[in-house]
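Have a look at the structure below before the remarks.
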Amino acid sequence: MSHPLLTALRALDVADKVGPLAKPADTALLAEWQRSGVRFVSSADQLTSRYYDAVRELFDCIAPAADETPILHEGGIYHGCWLESTGTINAELLSRFLPSITTATYAAFARYQRSDGLFPYKITPQGPGFNQIQLVTPLARSVWNHFRLNRLDTDWLSHMFGAMARYDAWLARHRDTLGTGAVEAFSTYDTGHDLSSRFWHVPDSPFGNDPTRYDPDNPILPFIAPDLTANVACQRDYLGAMADHLGGDGNAWRDKAEASRTALYAQCFDPDDAFFYDRDRHGRLVRIQSDNLLRVLACEIGDAGKFAEALDRYLLNTRKFFAKFPLTSIALDDPRFDPNAGQNSWDGPSNFLSIIRAAHAFEHHGRDVELSWIMQPTLSALFTADRFPQTLNPYTGAAGFTEKYAPSILCLLDFVERLSGILPRPDGAIWFTGLIPKPATHRYELWETAYARRIDGVEFELLNTVESSEIHRNGTLLARFPAGLRLITDRTGALVEIVGLTSRTVSGNLEWDGQSIAFAIAPNERQRFEAGAFLSTSSPGLVLPSYG
């Protein structure tokens with residue numbers, strides 16, 4: 001007999017759950033969503049309702065901007081698309097749900113590129129803006145992942161590659177005035193760190209609103225910026241991968257990437273603190289511990305050992321960034337920390353842009369269990385919130401500034417899929433993750449889930465209960481396994497690997513396509529499926545939360 005949640009999943013009508021559409025163009029968005037086959041239900045009606053609130057409000061964030069082509073907007077009070085967020089990480093998450101909008105969003109930045117190579121930092125109904133640079137997530141990584149995941153046309157990739165190569169040259173010409181090989185910030189807005197004490201006594205905008213100039217009378221500018229430098233290093237690595245694919249010289253780009261990393265460590269890294277800081281023009285480190293660290297790590301800087309140290313000392317430290325509702329934008333123990341979430345502030349509140357950028361940093365180093373400790377309280381806050389805000393109060397999880405904000409909408413959709421769903425990867429893998437969301441406050445509640453997705457015409461379903469999980473392929477049971485495990489398959493559903501996804505050792509039997517396979521797997525351990533058995537390939541252990 002089918003589980004009631006699986007029955008509910010199969011009967012669910014996405015159009016009915018989303019409700020009346022706000023504008024005629026939403027009809028095409030709904031159709032594209034339905035082609036993905038993505039559906040979600042929970043044993044808690046509140047979770048199901050909030051999920052489809054997110055889908056409906058996501059449609060509200062998609063509209064034309066500077067021309068007639070619909071693209072993703074930042075949402076909330078932000079009418080348009082920003083390169084640091086909407087045009088990179090937000091669209092990268094959207095790629096799994098509405099890939100046509102992601103394609104259009106990335107292409108818009110190339111379309112409005114200035115003749116000297118500068119990308120607009122935003123595209124709004126008033127047109128493209130060029131006052132500053134505003135970089136965080138590397139566009140090249142987002143474009144490459146989107147291209148691979150959705151198997152796009154090589155001509156499109158070639159077009160984007162050319163545009164990003166020209167932008168790289170612009171940055172090298174105009175944002176290395178001190179000749180260090182790093183990238184410089186001329187203003188607060190260059191990094192999108194509004195109100196951050198990182199930029200106290202620095203203008204919000206470049207001098208004369210010209211992105212090639214900084215105020216010559218400012219006593220401390222320019223800043224050699226670790227997040228901007230790491231961005232360029234990572235961009236260059238991915239441009240190298242694109243060059244290889246397109247028949248060019250990828251090694252030339254990788255050499256440039258290595259030069260950027262060398263400059264980053266030489267100029268911005270303090271080995272005693274194991275932290276990346278800005279350096280002012282007098283050579284002094286700006287010792288303010290902000291989410292600069294997370295931004296650098298999300299650009300694939302450093303090895304697994306350095307990342308584990310960053311987790312222990314900072315990201316999972318309750319005196320630093322691991323608040324009850326993480327991750328804060330300034331270290332909790334900094335006297336300048338301000339938890340006020342009721343404004344566009346990067347001086348304390350947990351910002352959803354930081355939260356959605358975190359996943360890549362954690363997963364790049366195989367820290368899936370530790371990432372779940374970020375995802376669980378974040379989802380708990382979103383499931384109980386009355387809107388999709390930009391910020392959370394790091395102490396209470398209360399919704400902060402603005403509403404209908406695309407990063408928090410996409411955070412809910414992304415984290416549900418990462419934690420309890422079916423997630424297709426750019427490398428051709430599919431993740432089936434057997435965890436369930438948990439409330440972060442008040443009494444224990446049971447939130448079991450079921451999730452569906454269509455991949456290459458195959459209908460996959462995942463049922464997650466407290467004790468176990470099931471995968472169904474085209475309506476037939478494919479796998480049953482104990483909770484706390486991630487199964488990784490190829491796009492046909494052939495078993496490749498398992499990952500331990502909880503802080504305890506998970507053991508038992510995996511029933512797979514008629515076989516029963518015994519296993520025991522430690523936290524974050526990966527075991528490859530070979531010849532009917534599991535072989536451990538990595539076991540990095542667990543970094544526990546720390547207390548300062």
Side-chain angles (χ1 to χ4, degrees), residues 1-21 29-59 93 96-98 372 375-376 378-386 388 408-424 430-440 444-455 458-481 483-487 493 501:
M1 179 180 292
S2 179
H3 190 283
L5 269 182
L6 201 56
T7 301
L9 183 73
R10 291 169 176 172
L12 186 137
D13 182 339
V14 172
D16 179 66
K17 296 300 290 185
V18 169
L21 300 176
L29 300 178
L30 177 61
E32 185 170 2
W33 185 281
Q34 290 173 313
R35 286 195 295 273
S36 75
V38 171
R39 303 186 305 284
F40 170 79
V41 295
S42 170
S43 59
D45 291 341
Q46 180 184 16
L47 273 62
T48 307
S49 296
R50 286 297 285 156
Y51 186 89
Y52 293 100
D53 288 345
V55 177
R56 182 175 58 257
E57 294 192 25
L58 176 63
F59 292 173
L93 301 184
R96 303 200 306 269
F97 304 100
L98 298 172
S372 74
M375 293 195 290
Q376 289 282 17
T378 302
L379 278 176
S380 178
L382 285 171
F383 284 140
T384 57
D386 63 354
F388 290 98
S408 54
I409 293 168
L410 287 161
C411 183
L412 186 146
L413 300 174
D414 175 54
F415 280 10
V416 164
E417 189 159 276
R418 273 187 155 81
L419 191 80
S420 307
I422 304 166
L423 193 158
I430 308 174
W431 290 359
F432 297 87
T433 305
L435 297 175
I436 56 174
K438 297 178 180 179
Y444 174 78
E445 295 180 39
L446 180 61
W447 292 347
E448 295 181 330
T449 67
Y451 197 91
R453 180 180 266 284
R454 183 181 303 117
I455 300 173
V458 177
E459 304 283 346
F460 291 103
E461 297 160 326
L462 174 64
L463 171 68
N464 285 330
T465 69
V466 173
E467 298 296 333
S468 65
S469 300
E470 293 178 1
I471 300 172
H472 295 254
R473 181 173 58 191
N474 289 331
T476 301
L477 181 66
L478 177 64
R480 182 180 289 116
F481 51 97
L485 203 63
R486 173 176 289 155
L487 266 62
L501 254 291

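In this chain, numbering begins with 1 at the start of the sequence shown. In this text, all values refer to a predicted model and were calculated from it rather than measured experimentally.
- The backbone N or O of Leu435 sits nowhere less than 3.5 Å from a side-chain atom of Thr433 that would complete a donor-acceptor pair.
- Atom CZ in Arg35 sits 9.0 Å away from atom CG in Leu98 (nearest 0.5 Å).
- Proximity of Arg39 to Tyr52: side-chain heavy atoms (C-beta onward) are separated by under 4.5 Å at one or more points.
- For the residue pair Ile455 and Pro424, the shortest heavy atom distance occurs at CD1-CB, 4.2 Å.
- Within the model, atoms CZ of Phe460 and CZ of Phe432 stand 4.5 Å from one another, a figure rounded to the nearest 0.5 Å.
- Ser49 contributes no side-chain N or O that, together with a main-chain N or O of Gln46, makes up a donor-acceptor pair within less than 3.5 Å.
- No side-chain heavy atom of Val41 sits less than 4.5 Å from a side-chain heavy atom of Tyr51.
- Judged by distance alone, the side chain of Arg418 and the main-chain N or O of Ser372 form no donor-acceptor pair under 3.5 Å.
- Between the CD1 atom of Ile436 and the CG atom of Leu47 there is a distance of 10.0 Å, given to the nearest 0.5 Å.
- Contact record, Ile409 with Leu58: CG2-CB, 3.8 Å, taken as the closest heavy-atom pair.
- In terms of modelled atom types and a separation under 3.5 Å, the side chain of Asn464 and the main chain of Glu448 share no donor-acceptor contact.
- When all heavy atoms of Phe40 and Thr48 are compared, the closest pair comes out as O-CG2, 3.9 Å.
- Side chain of Arg453 to backbone of Ile422: a donor-acceptor contact under 3.5 angstrom is found.
- Separation of atoms CG (Leu413) and CG (Leu93) is listed at 9.0 Å; rounding is to 0.5 Å.
- Between the side chain of Glu461 and the backbone N or O of Thr476 there is no donor-acceptor pair closer than 3.5 Å.
- Heavy atoms of other residues, nucleotides or ligands lying less than 6.0 angstrom from CG of Asp13 number more than 12.
- Rounded to the nearest 0.5 Å, atoms CG (Asp414) and CG (Leu423) are 7.0 Å apart.
- Here the closest non-hydrogen pair linking Ser469 and Gly434 is OG-CA, 3.4 Å.
- Within the 4.5 Å cutoff, side-chain heavy atoms of Pro437 are placed close to those of Gln376.
- Closest heavy-atom contact between Leu5 and Ser42: CD2-C, 3.6 Å.
- Aromatic ring orientation, Trp447 versus Phe383: perpendicular (interplanar angle above 60°, classes split at 30° and 60°).
- A heavy-atom distance below 4.5 Å is not found between the side chains of Trp33 and Val18.
- Atom CZ in Arg56 sits 14.0 Å away from atom CG in Leu29 (nearest 0.5 Å).
- Considering only heavy atoms from C-beta on, Phe388 comes within 4.5 Å of Leu382 through its side chain.
- Between the side chain of Arg486 and the main chain of Trp431, no donor-acceptor pair closer than 3.5 Å is present.
- Of all heavy-atom pairs between Ser420 and Leu462, the closest is O-CD2, 3.6 Å.
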